[in-house]
Amino acid sequence: MALRAVGGIAVLALCCIARPALGQTSDAELLYQTGLKSFDAGDYVVACRSFAESYRLDPLPGALFTLATCEMRAGRVGSASTRFQEYIELVDKLAPEQAAKEADRRAVAERQRRELLRQTPYLKLVLPDAAAKSSEVRLNGAVVGSASINVELPVDPGEQVVEERLPNGEVRAQRITLGVGEHKLVILAAPNNPQHRPAAESPTPNPESASAPPRHALPYAVAGVGAVGLVVGSVSGILALAQASVVHAECNGPACSPRGKAAADRGKSWAWVSTVGFGVGLAGVATGSVLLLAGSAPPGRSPRTARLDLWLSPRAVSIVGAF
């Protein structure tokens, strides 16, 4: 993973990779030199492993800084930020004259750590106090102490393996994948202890459906709208027929009296309203019926899906459905 550098931080970090002091053990020196060769070759997995073992054998500040730089180059931003923090804390405990020698590297470590923290994923392991006393939690094989439970832990991007080892020997494992800068929460609880089972998380309410009527009432509401449409269509049709009788009496072919022409215009309007009313009414009744059927699926089966489309034009009303 390519990480951004601020100013000349990256160059300074490379220049400050420390060589072990003459007092180091031969094993630590050999591991450190092996790590440097792998680092220069771009094999950061082997390099970081060698630096970590060298630092374990002889915990010098320079070796820890080099290990943090290696973790950063490997893209393990969580591990790198942790190592830089450990280096800063180690330098702060040194005698003043020794700390002065580490001043430049310490400044680099602080800048790099701030940059890394913006990219570091965090994983929070939640476990009830009573369950925490009787079970062991491991994250990627390492034991998670009680102080690290219920707090966000910096991790590296990628897959994380969380294990809960119960007193009866049972092991529960979960695999979680985190991206750069992502935060996730894992709730742990012993399966044989119901009182420690976590409550299911409530789904996030959908603002679009917050004011929607209950599912079981929706079919009746739609059918009711359809019934109103049928009534409107019937009344409008009667009024249109009434105007037709006036047109028949006042018109002789295309020639109409003023009263006949007005009746013809009103008749067309009422006829259009009747057409739309009947269209909406039929669609509403049909949709309500389909919703009732779709919502009555047997237990264990998902409700059937249905779709109705209503098309209105001055000359026709079309209903197309899929069931």
Side-chain angles (χ1 to χ4, degrees), residues 1 3 44-45 48-49 51-53 55-56 59 64 67-90 92-93 109-110 112-207 209-210 300:
M1 177 183 297
L3 298 176
Y44 300 121
V45 174
C48 294
R49 189 182 304 125
F51 290 144
E53 183 61 16
Y55 176 71
R56 186 187 69 82
L64 181 55
L67 174 58
T69 303
C70 182
E71 297 283 11
M72 180 182 66
R73 292 302 180 88
R76 295 193 284 265
V77 293
S79 299
S81 63
T82 300
R83 293 297 189 181
F84 276 125
Q85 179 61 32
E86 291 174 356
Y87 167 78
I88 293 171
E89 293 174 355
L90 180 60
D92 290 343
K93 295 177 182 178
E110 286 184 342
Q112 294 288 29
R113 182 173 180 273
R114 284 195 297 268
E115 177 69 20
L116 290 166
L117 286 177
R118 288 194 287 267
Q119 307 174 47
T120 300
Y122 287 86
L123 184 64
K124 184 176 182 179
L125 305 178
V126 178
L127 188 66
D129 293 337
K133 296 177 181 178
S134 60
S135 60
E136 179 185 83
V137 178
R138 291 176 178 263
L139 176 59
N140 299 324
V143 176
V144 179
S146 58
S148 298
I149 297 293
N150 300 328
V151 297
E152 285 195 321
L153 304 175
V155 296
D156 296 323
E159 186 179 75
Q160 317 295 323
V161 180
V162 181
E163 294 179 319
E164 185 181 3
R165 300 172 183 266
L166 307 179
N168 61 2
E170 181 183 355
V171 178
R172 287 189 1 169
Q174 301 184 53
R175 295 180 181 273
I176 302 96
T177 302
L178 287 91
V180 173
E182 192 172 4
H183 293 245
K184 284 190 178 180
L185 179 147
V186 176
I187 299 179
L188 305 172
N192 58 349
N193 195 342
Q195 65 176 337
H196 293 149
R197 289 182 183 274
E201 295 187 22
S202 300
T204 303
N206 185 352
S209 62

Check: Pro157 and Val77 side chains under 4.5 Å, non-hydrogen atoms: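 Yes, at least one pair of side-chain atoms sits under 4.5 Å.
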Could you measure the distance from the [atom1] atom of [X] to the [atom2] atom of [Y]? Nearest 0.5 Å is fine.
X: Lys124; Y: Ile187; atom1: NZ; atom2: CD1; result: 10.0 Å
X: Glu110; Y: Ile88; atom1: CD; atom2: CD1; result: 4.5 Å
X: Phe51; Y: Cys48; atom1: CZ; atom2: SG; result: 7.5 Å
X: Leu67; Y: Arg49; atom1: CG; atom2: CZ; result: 12.0 Å

So which heavy atom on [X] is nearest to which on [Y], and how close?
X: Leu116; Y: Ser81; value: CD1-N, 3.7 Å
X: Ala80; Y: Ala68; value: CB-O, 3.8 Å
X: Val126; Y: Asn150; value: CA-OD1, 3.0 Å

Residues which pass side-chain hydrogen bond (donor to acceptor under 3.5 Å, both in side chains) with Arg113, listed by chain and number, not counting sequence neighbours: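 Scan of Arg113 (side-chain hydrogen bond (donor to acceptor under 3.5 Å, both in side chains), adjacent residues dropped) gives Gln85.
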Glu182: partners by side-chain hydrogen bond (donor to acceptor under 3.5 Å, both in side chains), with sequence neighbours left out: none
Val186: partners by side-chain contact (heavy atoms from CB on, under 4.5 Å), with sequence neighbours left out: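 side-chain contact (heavy atoms from CB on, under 4.5 Å) list for Val186, sorted by chain: Leu123, Leu125, Gln174, Ile176, Leu188.
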Pairs meeting criterion salt bridge (charged side-chain N to carboxylate O under 4.0 Å, His left out) with involvement of residues 74-87, two or more places apart: Glu71-Arg76, Arg83-Glu86
Sidechain N-carboxylate O distance under 4.0 Å for Glu163, Arg165: yes
Residue pairs fulfilling side chain to side chain donor-acceptor pair (under 3.5 Å) with at least one residue in residues 153-162, sequence neighbours excluded: Ser79-Asp156, Asn140-Gln160, Glu159-Arg175
Partner set under salt bridge (charged side-chain N to carboxylate O under 4.0 Å, His left out) for Arg114, not counting sequence neighbours: none
Ring pair (Phe, Tyr, Trp, His ring centres under 6.0 Å) involving Tyr87 - partner list, sequence neighbours excluded: Phe65
Full working for salt bridge (charged side-chain N to carboxylate O under 4.0 Å, His left out) between Glu136 and Arg138: CA-CA 7 Å; Glu136 179 185 83; Arg138 291 176 178 263; 2.9 Å; yes
Qualifying ring pair (Phe, Tyr, Trp, His ring centres under 6.0 Å) pairs with a residue from residues 152-185, counting only residues at least two apart or across chains: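 Qualifying pairs, neighbours excluded: Tyr122-His183.
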